[in-house]
*Asks:* 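This structure is in structure tokens; I'll ask about it shortly.
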Number of protein chains: 2
Amino acid sequence: MTPKVSSIVEGDGCAVRMIHPEKIQRARDRSIDIREIHRLTAVYKALSDPTRLRIITALKGEEMCVCDLAAFLGISESAVSHQMRRLKDLALVRSRRDGQVLYYVLDDDHVGDLIDLGLEHIRE
Amino acid sequence: MTPKVSSIVEGDGCAVRMIHPEKIQRARDRSIDIREIHRLTAVYKALSDPTRLRIITALKGEEMCVCDLAAFLGISESAVSHQMRRLKDLALVRSRRDGQVLYYVLDDDHVGDLIDLGLEHIRE
DNA sequence: TCTATATATGCTCATATGTTCATATATTCA
DNA sequence: TGAATATATGAACATATGAGCATATATAGA
């Protein structure tokens, strides 16, 4: 099969080369809304850092406070706090205050599931 | 419940503050091997960029070549090629050559599952 | 109110990342 | 073999990111 190049000219005047216009059209048809793409990448980004991933796997078991997470991870409490803020902004964790201590928990089972599925992938 | 701070001194001579030593121990007990952590973060990192995520969702439907992906995404073929290399290094895609054209496919159903689960998470 | 403790925040720096441009490689066809 | 096409690669650059330090806020207890 010899593919034939078809070129179209876009609105901005730039020629765009495409070999299979129908494939491109189908890709557009099944594409996910760009806002969802960005929210999705934000979630994966949260899981894409070793520190954050270790935090999340730790929280998969039970709630923990900043101080204990810092001891578990071997990094400063400030660094943990920065990461917790990110995770909180993404609604992956939520906190519960008991006196001076903030306990963090996973906000959602999906997060744990994502990690389990990822593990399954790399272990196969 | 008033937590009591216990401090231990680590091998390097630094005092580490911990409120719940038993929580830290349990977190250690259930912790994932650090090598797996890094492989896992690499996979999530692959999904954490809008361009790559759109590439993967496009390939969820059918195989596509660099040229068509570039047209679909609206970015240069070089940029696509760089990303395909990353995805290939992570074994998320594989390629099939037909003449001058390289067709990429998802190498693994898990990747698609990861995305579906992520979508479920953000849509709930 | 004053002090101690637990966590958060702003700033900064080193490093990582994504894209572009120019160039290289690989394949097809004349 | 030489030209054209499809993709890959390397260097450069702008931006993003994670962590540390200093400082701020919040809560508890004296």
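Residue numbers begin at 1 in each chain, while the letters A, B, ... track the order of the sequences. Note: hydrogens, waters and symmetry copies are ignored here, and every other heavy atom, side chains too, is used.
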*Asks:* Would you name the heavy atoms of B:Tyr44 and A:Ile115 that are closest together and state the gap between them?
*Replies:* OH-CA, 3.1 Å

*Asks:* Looking at every non-hydrogen atom in both residues, tell me the closest pair between B:Gly61 and A:Arg30 and how far apart they are.
*Replies:* CA-NE, 3.4 Å

*Asks:* Write down the distance between CG (B:Asp98) and P (D:dT5), rounded to a whole number of angstrom.
*Replies:* 18 Å

*Asks:* If I take atom CG in residue A:Asp49 and atom P in nucleotide C:dA16, what distance separates them, rounded to the nearest angstrom?
*Replies:* 13 Å

*Asks:* Provide, to the nearest angstrom, the distance between the CG atom belonging to B:Asp68 and the C1' atom belonging to D:dT7.
*Replies:* 13 Å

*Asks:* From the set C:dA4, D:dA6, C:dT7, return the single nucleotide nearest to any side-chain atom of A:Cys67.
*Replies:*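 Side chain of A:Cys67 sits closest to C:dT7.
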
*Asks:* Check this one for me: any side-chain N or O of A:Ser76 less than 4.0 Å away from OP1 or OP2 of D:dG20?
*Replies:*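 Yes, within the criterion.
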
*Asks:* Of the non-hydrogen atoms in B:Arg39 and A:Ile122, which two are nearest, and what is the gap between them?
*Replies:*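 Taking every non-hydrogen atom into account, NH1-O, 3.2 Å.
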
*Asks:* According to side chain to side chain contact (heavy atoms under 4.5 Å, CB included), who are the partners of B:Glu120, at least two apart in sequence or on a separate chain?
*Replies:*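 Counting only residues at least two positions away or on another chain, B:Glu120 forms a side chain to side chain contact (heavy atoms under 4.5 Å, CB included) with A:His110, B:Leu117.
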
*Asks:* Please confirm whether the shortest side-chain N or O distance from B:Tyr104 to OP1 or OP2 of D:dA8 is below 4.0 Å.
*Replies:*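 Yes, within the criterion.
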
*Asks:* Might you point out which heavy atoms bring B:Val93 and B:Lys88 nearest each other, and give the distance in Å?
*Replies:* CG2-N, 3.8 Å

*Asks:* Check this for me: A:Asp29, atom CG, are more than 12 non-hydrogen atoms of other residues, nucleotides or ligands nearer than 6.0 Å?
*Replies:*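 Check passes, neighbour count above 12.
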
*Asks:* Please confirm whether the ring centroid of A:His20 lies under 6.0 Å from the ring centroid of B:Phe72.
*Replies:* no

*Asks:* Contact between B:Arg86 and B:Asp89 at the side-chain level, heavy atoms closer than 4.5 Å - yes or no?
*Replies:* no

*Asks:* Between C1' on C:dT7 and CE on A:Met64, what's the gap in Å once rounded to a whole number?
*Replies:* 15 Å

*Asks:* Just call it for A:Ser78: base, sugar-phosphate, or nothing, with non-hydrogen atoms closer than 4.0 Å on any strand.
*Replies:*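 Touches a base.
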
*Asks:* OP1, OP2 of D:dT17 versus side-chain N and O of A:Lys45: anything below 4.0 Å?
*Replies:*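 A:Lys45 to D:dT17 OP1/OP2: side-chain N or O found under 4.0 Å.
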
*Asks:* Can you pull out the residues from residues 80-97 of chain B that lie within a 4.0 Å heavy-atom distance of DNA chain D?
*Replies:* B:Ser81, B:His82, B:Arg85

*Asks:* B:Tyr44 OH to D:dT17 P: how many Å, rounded?
*Replies:* 19 Å

*Asks:* Between A:Leu40 and B:Gly118, which heavy-atom pair has the shortest distance, and what is it?
*Replies:*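 Taking A:Leu40 first and B:Gly118 second, the nearest heavy atoms are CD1-C, 3.3 Å.
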
*Asks:* Can you tell me which nucleotide in D:dT7, C:dT7, C:dT5 comes closest to the side chain of B:Cys65?
*Replies:*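 Closest of the options to the side chain of B:Cys65: D:dT7.
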
*Asks:* Please report the distance, rounded to the nearest Å, between CD1 in A:Ile75 and P in D:dG20.
*Replies:*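 Roughly 6 Å, once rounded to whole Å.
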
*Asks:* Looking at DNA chain D, which of residues 50-61 of chain B put a heavy atom within less than 4.0 Å of it?
*Replies:*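 Correct list: empty, so none.
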
*Asks:* On DNA chain D, compare the nucleotides closest to B:Glu77 and A:Ala79; which residue's is nearer the 5' end?
*Replies:* B:Glu77

*Asks:* Whole Å only: how far is the CG atom of B:Leu102 from the P atom of C:dA26?
*Replies:*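 In whole Å, C:dA26 P lies 12 Å from B:Leu102 CG.
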
*Asks:* A:Asp49 and B:Thr41: which non-hydrogen atoms are nearest, and at how many Å?
*Replies:*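 Closest pair (atom of A:Asp49, atom of B:Thr41, distance): C-CG2, 3.6 Å.
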
*Asks:* Measure CD/B:Gln100 against P/C:dT27 and give the value in whole Å, please.
*Replies:* 10 Å

